[in-house]
Amino acid sequence: MMKTSLLRQAAATRVALAVRPAQASFRASSAVLALARSSRPSPALPRPASSLLRFYSAESAAPQTSSDNGSSNLVTRFEDLRRLGVHEHLVNSLTKGLGYETMTDVQSMTISPALAGKDVVAQAKTGTGKTLAFLVPVIQRLIASQPELASPRAGGRARSDDIRAIVLSPTRELAEQIGVEAKKLCRGTGVVIQTAVGGTQKNAMLRKTRIEGCHLLVATPGRLHDLLSDRSTGIDAPNLAALVLDEADRMLDVGFKAELESILDYLPHPVDVPRQTLLYSATIPKNVVNIARKFINPTNFEFVQTVRADEVPTHERVPQFIVPCRGFENLPPTLLELVRRELRKTLDDSDKLPFKAIVFLPTTSSVQAYATIFRRLKFHDRLMPRIFDIHSKLSQAARTRSADNFRQAKSAILFSSDVSARGMDFPNVTHVIQVHLPQDRDLYIHRIGRTGRAGKQGEAYLLTADVEIPAARSRLPGLPIKRCTDLECASMDVARAADVPQVIEDIKNAAVKIPYEVVKDTYASLLGNAIKDVDKQDVVYELNNMVKYIFGLDQPPALSTKFVNHFGRHIKGLRTVTARDIEPRREYGNRGGSYSGHGARSEGFEKLERLAANENGGSRGRARAPRPAF
DNA sequence: AAAAAAT
């Protein structure tokens, strides 16, 4: 039943596409021309001293447009791949083994040019099957170059020092996921897949690879570089025929630049060994196309966008809401209120999928703190689903366990850092909830892309404090975000409310038991995270209120003078550590309800209160005033 | 003391 609606949906989008083929090919060819133009050295841009520049010079022949890719090549069903010469074992694996029938737009538009050996830069919405779109042509071309790979037995001849294709991913879990998909696809062929990521036993991987060999390696950059730079591993790719960058914009940004370049130094030069490069993502910023031109062959590539330039790269079927909260101290109770409300909806309506949510937080410590609070809540609340967490401070074994458990769970909440923001395909996620602002618009888009996948429904919520709202407006332009005002904890004065709702009591009772170290790390990490376009002084106020009213500290956590100086000497309300420093006392314990803010007159908070009183109409006052959001 | 990514 799920499958038919998926197919219907896919068919509908294809029809929509068919009515604008001229437009599509115009866009593609103008993009090609734009690339060709920009491949002249631009005086405005600093010249990167990268070895990548050697790859394709500006003197290359005139670019082809993509208009020669006429309708004769148009494939819309996986069965049609037989016509393009894809080996029957691979087609059978797709159609009979995995049950795929109709292609999505990206698959339909990129598989044939990629099969023809073209480089491809592709942008398509989240959850539309980009992984399959690059795996099919890469694997088919492996088989075409070594026909004996079409049958299972040929695997015995695979070598670990003759890898033919490499897929790079920005996170370990995504690499594992791609590896699993590739292995399913290659069942019934002789193509051997290996996965190489950090946090796993390198020697075990090497032993396995030496025995089984490897045609296609799926890896994260760090481990791949480690393997290639150490000759004794026996891992090499002197005949590399394909390089895929999944989440290409991420892989090409500064965070990965150095590592990627030194990986390329261990791979054959494309002038000596012709190589196909495939770059796929849901978001391709313009500057990435600029960087990408060093990777792709300007005379033989296709730029495929299944998202129109003026279109939002999110799904219409995923409604997006922003919940402006009075202060940071309102965020945890508002999250709990939202979770309970949505949980109740799914319990009352058997037509709805069970509540399965990912909650994104900006730092690893905050993920840890929230997950611990909600685990404690679950102890007293039998409606609360299972709680998982995933972030880079966990061991890889724990990360994998969380990801697998959440993938298999019917109803659950996964608290996550941005490890899971891109590419992860957890089935039937009904809600994506972001707490605090994401660093940028693309990250917001990737995060909400964890729901509404493969034609399914989903909802997206963004919980922010009022002080973050102006930044939210400028960071998230052009998105169909509606304001959600019907959560009562969002606007409540947590400090002074006369009769505090049960939700806030529940949160406080769970939060007060969180170890001080975790509170302190969360506080410091959110301070460190609060850069850019949110006023630092506002953030200090907000965090101080949060540790006071939610975690019950009688003074803000102490920071090193070094950190405080680095953050800004003029910022008020930060407490520095002294020789005789002791852990702040908890203002309230297990009692619940007795805390009303009195007696909290220690240094950090005292300053705040004075400031708040003196600065009438200061930034604090403005931020607290009700203002229209979105 | 701020996602991620090698040990």
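What you are looking at is a predicted structure, and each value in this text was computed from that prediction instead of being measured. Reminder, nothing fancy here: chain letters follow the sequence lines and each chain counts from 1.
- Atom-to-atom, CG of A:Leu227 to C1' of B:dA5 comes out at 14 Å; the value is rounded to the nearest Å.
- Spacing between atom CG of A:Leu206 and atom P of B:dT7 amounts to 12 Å, rounded to whole angstrom units.
- With hydrogens and angles disregarded, no donor-acceptor distance shorter than 3.5 Å links the side chain of A:Arg210 to the backbone of A:Ser160.
- Proximity of residues 416-424 of chain A to DNA chain B (heavy atom under 4.0 angstrom from any strand atom) is restricted to A:Ser417, A:Asp418, A:Val419.
- Following rounding to the nearest Å, A:Gln201 (CD) and B:dA6 (P) show an atom-to-atom distance of 15 Å.
- Partners of A:His225 under the ring-ring contact (aromatic ring centres under 6.0 Å, His included) rule, at least two apart in sequence or in another chain, are A:Tyr266.
- A:Phe355 pairs by the ring-ring contact (aromatic ring centres under 6.0 Å, His included) definition with A:His431, not counting sequence neighbours.
- OP1 or OP2 of B:dA5 lies within a sub-4.0 Å distance of a side-chain N or O belonging to A:Arg399.
- Comparing A:Leu224 and A:Thr363 against DNA chain B, the residue whose closest nucleotide sits nearer the 5' end is A:Thr363.
- Under the salt bridge (Lys or Arg N to Asp or Glu O under 4.0 Å) criterion, A:Lys356 pairs with no residue, sequence neighbours left out.
- At a cut-off of 3.5 angstrom, the base of B:dA1 holds at least one donor-acceptor pair with the side chain of A:Ser560.
- Near DNA chain B, meaning a heavy atom under 4.0 Å away, there are no residues from residues 442-452 of chain A.
- In this entry the distance linking CG of A:Asn203 with P of B:dT7 reads 12 Å, nearest Å.
- At a threshold of 4.0 angstrom between heavy atoms, the contacts of A:Tyr523 with the nucleic acid are absent.
- For A:Thr220, no side-chain nitrogen or oxygen approaches OP1 or OP2 of B:dA4 to under 4.0 Å.
- A distance-only check finds a donor-acceptor pair linking the side chain of A:Arg453 to the backbone of A:Gly449 [under 3.5 Å].
- In this structure, A:Met251 places its CE atom 14 Å from C1' of B:dA3, rounding to the nearest Å.
- Atom NE2 of A:His436 is separated from atom C1' of B:dA2 by 13 Å (rounded to the nearest Å).
- One donor-acceptor pair, N or O on each side, does fall under 3.5 Å between the base of B:dA3 and the side chain of A:Arg250.
- Comparing atom distances between the A:Thr364 side chain and each of B:dA1, B:dA3, B:dA2 picks out B:dA3 as nearest.
- At a threshold of 4.0 angstrom between heavy atoms, the contacts of A:Gly198 are confined to the sugar-phosphate backbone, with no base atom among them.
- Side chains of A:Gln320 and A:Thr314: a donor-acceptor N/O pair is present below 3.5 angstrom, by distance only.
- Here B:dA2 is the nucleotide among B:dA1, B:dA4, B:dA2 with the atom lying nearest to any side-chain atom of A:His566.
- Under the ring-ring contact (aromatic ring centres under 6.0 Å, His included) criterion, A:Phe321 pairs with A:Tyr461, sequence neighbours left out.
- One can place NZ of A:Lys393 at 5 Å from P of B:dA3, the figure rounded to the nearest angstrom.
- In terms of the side-chain hydrogen bond (donor to acceptor under 3.5 Å, both in side chains) criterion, residue partners of A:Arg422 (sequence neighbours excluded) are, by chain and number, A:Glu247, A:Asp249, A:His446.
- Straight-line distance from the CD atom of A:Gln439 to the C1' atom of B:dA4: 13 Å, rounded to whole Å.
- Screening residues 192-203 of chain A for side chain to side chain donor-acceptor pair (under 3.5 Å) gives A:Gln194-A:Lys208, A:Gln194-A:Glu212, A:Lys202-A:Asp226 as the qualifying pairs, with residues at least two apart or on separate chains.
- With sequence neighbours excluded, no residue forms a ring-ring contact (aromatic ring centres under 6.0 Å, His included) with A:Tyr370.
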